[in-house]
Amino acid sequence: MTITTILVLILFCIGASIIQRITGFGFGIFIMTVLPFIMPSYGEATALSGLLAVVQSLLITIKYFKYISFKKLIPILITFIVISYFAISCMAILNDYFLKKVLGVILILVGLYFFFFDEKIHIKPTIPNQIGLGSISGFMGGFFGMQGPPAVLYFLSTANSKEQYLVLAQAYFLVGNIFMTIFRAEKGFVTMAVGQAWLIALVAIYIGSWIGAFFFNKISISLLKKISYTYMGISGIIALIV
């Protein structure tokens with residue numbers, strides 16, 4: 001990796017960690033706007049995103065573990081794990097260029113949707129909803145390394161407190177990304193390049209988490225989300241034209 005690539009990786013990991021620590025999601029969405037362009041292949045980009053997200057989610061899950069509710073977590077998590085396995089298996093035979101273009105469209109649509117409807121979305125915590133959202137999350141996580149939005153909608157609707165929402169989301173990302181890393185390793189996506197980049201970015205994850213924790217009660221989450229969604233849309237446009 002060149003010095004420029006390392007600096008880009010570190011800066012984006014810090015930014016992704018800040019967003020994840022404050023809002024409870026967004027790490028994969030933010031980091032995947034750049035990883036496909038600095039890693040050797042798209043599959044390796046998603047593998048690195050997942051490994052970095054494991055570290056980020058572990059720190060938060062440990063801190064807020066006492067607030068967790070397994071009944072609200074298990075059905076959607078199991079669904080996600082099963083669907084993500086099939087998505088990753090399909091990704092192994094798809095073209096990197098095609099996936100980057102699809103990623104661009106997904107970023108634009110997700111950015112626009114959340115920018116305009118973030119405060120108006122309410123989902124009931126039923127088993128069919130958990131299976132449905134877990135399936136969508138599995139496809140998004142397997143193909144694009146960004147399983148957060150569908151799961152976050154569910155956790156926001158069912159959590160009893162800010163702390164419970166945060167730990168449910170992070171436990172979901174933690175376990176889900178561990179399984180996806182195993183699936184990606186089986187397909188040959190966890191390479192030496194991924195391991196080197198992961199080691200380089202570890203300190204950046206900690207720095208971003210610390211900054212995010214500091215601003216947790218001092219910054220408007222609504223404003224941060226709007227900025228993130230705008231960035232998503234712009235990044236999607238860039239992915240389509242580059």
Side-chain angles (χ1 to χ4, degrees), residues 1-21 25-62 81 84-85 87-104 106-107 140-148 170 173-213 228 231-232 235 238-239 242:
M1 299 182 74
T2 65
I3 297 298
T4 301
T5 301
I6 291 173
L7 289 176
V8 169
L9 175 63
I10 290 173
L11 288 175
F12 272 78
C13 280
I14 291 175
S17 296
I18 291 173
I19 292 172
Q20 181 88 359
R21 181 61 181 83
F25 78 108
F27 186 95
I29 295 172
F30 189 86
I31 202 71
M32 281 300 290
T33 60
V34 69
L35 289 188
F37 302 100
I38 66 175
M39 294 301 291
S41 71
Y42 189 90
E44 288 168 290
T46 59
L48 178 57
S49 174
L51 279 169
L52 292 172
V54 164
V55 179
Q56 170 75 30
S57 298
L58 178 61
L59 296 174
I60 303 174
T61 301
I62 291 174
I81 291 171
S84 66
Y85 174 78
I88 291 170
S89 298
C90 292
M91 189 179 68
I93 61 175
L94 294 177
N95 180 270
D96 284 4
Y97 178 82
F98 171 75
L99 285 173
K100 286 179 182 178
K101 299 308 175 185
V102 175
L103 173 63
I106 294 293
L107 286 171
M140 291 183 66
F143 283 129
F144 311 114
M146 51 174 66
Q147 64 269 31
Q170 299 318 302
F173 297 143
L174 173 62
V175 177
N177 277 310
I178 288 174
F179 273 92
M180 283 200 298
T181 297
I182 295 172
F183 300 155
R184 286 167 179 146
E186 291 178 351
K187 301 300 178 182
F189 295 134
V190 181
T191 62
M192 183 66 71
V194 171
Q196 291 174 344
W198 182 76
L199 289 173
I200 290 171
L202 283 179
V203 175
I205 297 294
Y206 179 80
I207 293 173
S209 295
W210 181 83
I211 296 174
S228 299
Y231 176 77
M232 267 189 270
S235 299
I238 293 174
V242 172

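Predicted, not measured: the structure shown is a model, and the values here were computed from it. Nothing fancy with the numbering, it's 1 onward along the sequence.
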Exercise. Who are the ring pair (Phe, Tyr, Trp, His ring centres under 6.0 Å) partners of Phe179, not counting sequence neighbours?
Worked result: none

Problem set entry | Min side-chain heavy-atom separation Thr191-Pro40 under 4.5 Å | no

Seminar exercise, completed: Nearest heavy-atom contact between Cys13 and Ile31 is N-CD1, 3.7 Å

For this session: Would you indicate whether the side-chain heavy atoms of Arg21 and Gln56 approach each other to under 4.5 Å?
Result: yes

Exercise. From Leu202 CG over to Leu52 CG, what is the distance, rounded to the nearest 0.5 angstrom?
Worked result: 7.5 Å

Exercise. Taking the side chain as C-beta and beyond, is there a heavy-atom pair between Val8 and Leu11 under 4.5 Å?
Worked result: no

For this session: Would you name the heavy atoms of Phe189 and Ala47 that are closest together and state the gap between them?
Result: O-CB, 3.6 Å

Problem set entry | Residue pair Ser84 / Met180: nearest heavy atoms and the distance that separates them | OG-CG, 3.7 Å

For this session: Take Thr2 and Ile6 through the side chain to side chain contact (heavy atoms under 4.5 Å, CB included) test and state the conclusion after the steps.
Result: CA-CA 6 Å; Thr2 65; Ile6 291 173; over 6 Å; no

For this session: Please lay out, stage by stage, how Ile182 and Glu186 fare under the test side chain to side chain contact (heavy atoms under 4.5 Å, CB included).
Result: CA-CA 6 Å; Ile182 295 172; Glu186 291 178 351; 4.2 Å; yes

For this session: Can you spot which of Thr46, Thr181, Leu51 makes a side chain to side chain contact (heavy atoms under 4.5 Å, CB included) with Val194?
Result: Leu51

Seminar exercise, completed: Looking only at heavy atoms, the pair that brings Ala45 and Met32 closest together is O-SD, 3.8 Å

For this session: Please round to the nearest 0.5 Å and tell me the distance separating atom CE of Met39 and atom OG of Ser49.
Result: 10.5 Å

Exercise. Is there a side-chain contact between Ile38 and Phe12, using heavy atoms and a 4.5 Å cut-off?
Worked result: no

Seminar exercise, completed: Rounding to 0.5 Å, atoms OH (Tyr85) and SG (Cys90) come to a distance of 10.5 Å

Exercise. With Ile211, which residues qualify under side chain to side chain contact (heavy atoms under 4.5 Å, CB included), at least two apart?
Worked result: Ile14, Ile18, Ile207, Phe215

For this session: Spell out, as yes or no, whether a donor-acceptor pair under 3.5 Å connects the side chain of Gln196 to the backbone of Ala193.
Result: no

For this session: For Ser57, enumerate each residue passing the side chain to side chain contact (heavy atoms under 4.5 Å, CB included) test, keeping only those at least two apart in sequence or located in another chain.
Result: Gln20, Gln170, Phe173, Leu174

Exercise. Any side-chain heavy-atom pair from Leu9 and Val34 closer than 4.5 angstrom?
Worked result: no

Problem set entry | Within 6.0 angstrom of Ile3 CD1, more than 12 heavy atoms from elsewhere | no

For this session: Could you tell me which non-hydrogen atom of Phe27 sits nearest to which non-hydrogen atom of Ser17, and how far apart they are?
Result: CE1-OG, 3.6 Å

For this session: For Phe183 and Ile88, work out which heavy atoms get closest and say how close.
Result: CB-CD1, 3.8 Å

